[in-house]
Structure formats: C-alpha cells, structure tokens
Protein chains: 2
Amino acid sequence: MTNVIANPDVTRYQQPLCSCPTAATDPALEALVREIIGRVADKWTMIVLEVLAEHGALRFSQLGERIAGVSQKMLTKTLRQMEADGLVLRTVFPVIPPRVEYVLTDLGQSLGAAFCGVWIWAEQNRQSIMTARAAFRAREAAD
Amino acid sequence: MTNVIANPDVTRYQQPLCSCPTAATDPALEALVREIIGRVADKWTMIVLEVLAEHGALRFSQLGERIAGVSQKMLTKTLRQMEADGLVLRTVFPVIPPRVEYVLTDLGQSLGAAFCGVWIWAEQNRQSIMTARAAFRAREAAD
DNA sequence: CAGTATCCAGCTGGATACTG
DNA sequence: CAGTATCCAGCTGGATACTG
C-alpha cells in the first residue's frame, strides 16, 4: 500500500478524453458504447480480429492453429458473437467433411483499425508499465 | 445458426491490422501487448480513465458517485491496479477523516487518447452493430 | 471438419459488516 | 472517509466425450 504524503497544490484539470461530441452529453449512448467496447474488447475477439486481418479468409481449424491457447469452445463462442455483431462473415461450404470459412466484414476491419491506437500505445509504453509495476512492488515491499 | 450457402470465389486478402512493425514479428512482444490490452481494456478501468480525464483530480467517494454501478470493492481494486500500472497517481492526505485523491498520470492520459479511436468507432458504428444483431436474430429464428 | 453437450473447478464480483 | 475482510452465488471457460 502506498502512503504518499500529499502535496495539497495538486489541482490539475485535464481536457476531455477525446473529441467525441455526444459521449459526455448523452448517458444512454455512453452506456451503449461502453457495452459495445466491453464485448468487443474481449481477449479472444481482439486476437481473432488480428489473425483474420493478417490472413484473410481462414477455416475454423486454421484459426485454432494460429491462436495459441484457445479452446474449441471459446473459439466457437467468440466467432459466433463476432458474427452476430457483424464483424465476421461465416461461410458454410456444403461439402463433406464440412468446410467453414471466416472473413472480416468491412465493419470488422474498421474495428481492427480503431484498435490500432491501443495496440501502438501498448507497444510504445510497455517499458513504462513494467517500470511502474516494479516501483509499485518495491513500495509495497517497503510497506 | 447460419447456413449461408457458399460462394467459393471468396479469396479476399487483407492488409495487416495496422502499422505496428514489431507486432507480427515478435511473438513474445505480441503476447505482452495482448496482456496489457487485456488488463487495461477492462470495463471499470476504461470508465475510471474517462471520468478522471474529464474531471481532473477526484476523491475516492467522488469517483464512486460518478461511476454508476461500481461497488466499493471493484473501485478499490481497479484504482489499485491502475496505480500499479502507472496510470493513476494516488495521493493520501494525512488528515482525519482520510482524504485520498486520484489523478491520471501522463501515461494514463495517453492511454485515454489511444482508446479514443475505439470510442469513436463504437459511437459511429453503433447502428451497424444493432442492425447486424437484429439480422442475426432473424436468421436464428428462421433456423 | 466443425462443431454441440455435459460436467465442473476456479475466478469474479456483489453484499454485508467492520475499522483506523 | 476510504478503505479491508468475509462470505458466497453465478458466470467463465477448460476438459472430455460425442456427432452430422
């Protein structure tokens, strides 16, 4: 636990998070946007987005091979939800054995582009985060 | 369940997700970045980021008031993790009753800016998602 | 091959009570 | 005020077995 002794002069005021005109004004929209982000920012969704953006159309099993650690159940679930949200197109080929392909829709590709900023941020600030974590652990250890 | 009859001509190939040079090349870095995004894309973290970006320094209870639905436990947990990752500065004033203030660090502010793209995407494509969901439910109902 | 179905261990997070 | 501690219901997601 940190016990920083205070500097009472801290009265910084920041700018709004970003130029999203309606965000702050309409709480209903805000809630909806949060919900969308919550669903879409999910671990596997992000990775599927990434893999499909890189490889174009892929079969179910090809996706499974490229996404280390995903279970069949979670891959199915993630793809189904992405399909429902209009992020991927699921194409069933009527052959035996079955062949199912997944591609990003335009919407899915645009989401990938939108996440780009977060990706770049994580990459660029990785070191700062590691340093901050080490400092926090040190403070904790010192009580 | 969808049973789209296939068009075998679908052989689209996309561009890489974004201009993140190292992302695709270094799997270790990729895993790390994913982990960071996973932690940071969490529901409450995003909202705290937003509220602090808008209001500057806030006390624990003020944050609680502005974040509808958050429990004391989750607010504490989220703030502690954000502090550990270097996203917020926690300042304890040595007075009775205690007074604790939270401000975004520069790192926290930059993350807010990075998430801006996702926020704008969600806002702009809200309607497309709703439409896609309705269409999916209709396909499901039709079997 | 591309799933579905079932079981279940473990994490998540709310509710409640308590405290320096 | 700003937490911590405890309990516990419910969701999450892995493992395994099965199927058109």
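Convention: sequence-line order gives letters A, B, ...; per-chain numbering from 1. Computed from a prediction, not measured in an experiment: that's the story for all the values here.
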From the list D:dG20, D:dC1, D:dG3, which nucleotide is the closest neighbour of the side chain of A:Pro98? D:dG20

Given D:dG3, C:dA2, C:dG20, identify the nucleotide with an atom nearest to the side chain of B:Thr76. D:dG3

Indicate the atoms forming the closest heavy-atom contact of A:Val88 with A:Thr105, along with that distance. C-CG2, 3.7 Å

Any side-chain heavy-atom pair from A:Arg90 and A:Leu79 closer than 4.5 angstrom? no

Side-chain heavy atoms of B:Val100 within contact of B:Arg59, under 4.5 Å: no

State whether A:Glu140 and B:Arg80 are salt-bridged, where the test is any N-O pair (Lys NZ or Arg NE/NH1/NH2 against Asp/Glu carboxylate O) under 4.0 Å. no

Does B:Ser61 or A:Ser71 map to a spot on DNA chain D nearer the 5' end, using the closest nucleotide for each? B:Ser61

Tell me whether the OP1 or OP2 atom of D:dG3 has a side-chain N or O from B:Arg80 closer than 4.0 Å. yes

Is there a side-chain polar atom (N or O) of A:Arg90 under 4.0 Å from OP1 or OP2 of C:dG3? yes

Protein-nucleotide distance (A:Arg59, atom CZ; C:dG3, atom C1'), rounded to Å: 13 Å

List the steps, then state whether side-chain contact (heavy atoms from CB on, under 4.5 Å) holds for B:His55 with B:Leu58. CA-CA 7 Å; B:His55 294 280; B:Leu58 286 178; 3.8 Å; yes

Whole angstrom is fine here: how far is it from CG in B:Leu79 over to P in D:dG3? 8 Å

Using whole Å, report how far NZ of A:Lys73 lies from P of D:dA15. 11 Å

Of B:Trp44 and A:Tyr102, the one whose nearest nucleotide on DNA chain C sits closer to the 5' end is A:Tyr102

Within-4.5 Å side-chain heavy-atom neighbours: A:Gln109 and A:Leu87: no

Range-with-range stems for DNA chain C, at least three Watson-Crick or G-U pairs under 3.5 Å: C:1-20 with D:1-20

d(CD, B:Gln62; P, D:dG3) in whole Å: 13 Å

In whole angstroms, the gap separating C1' of D:dC11 from CE of A:Met74 amounts to 11 Å

Which class fits the ring pair A:Phe115 and B:Phe115: parallel under 30°, tilted 30 to 60°, perpendicular over 60°? perpendicular

Interatomic distance, A:Leu75 CG vs C:dC1 P [rounded to whole Å]: 14 Å

Between atom CD in A:Gln72 and atom P in C:dA5, what is the gap in whole Å? 13 Å

Mind calculating the distance between CD1 (B:Ile67) and P (C:dG13) to the nearest angstrom? 14 Å

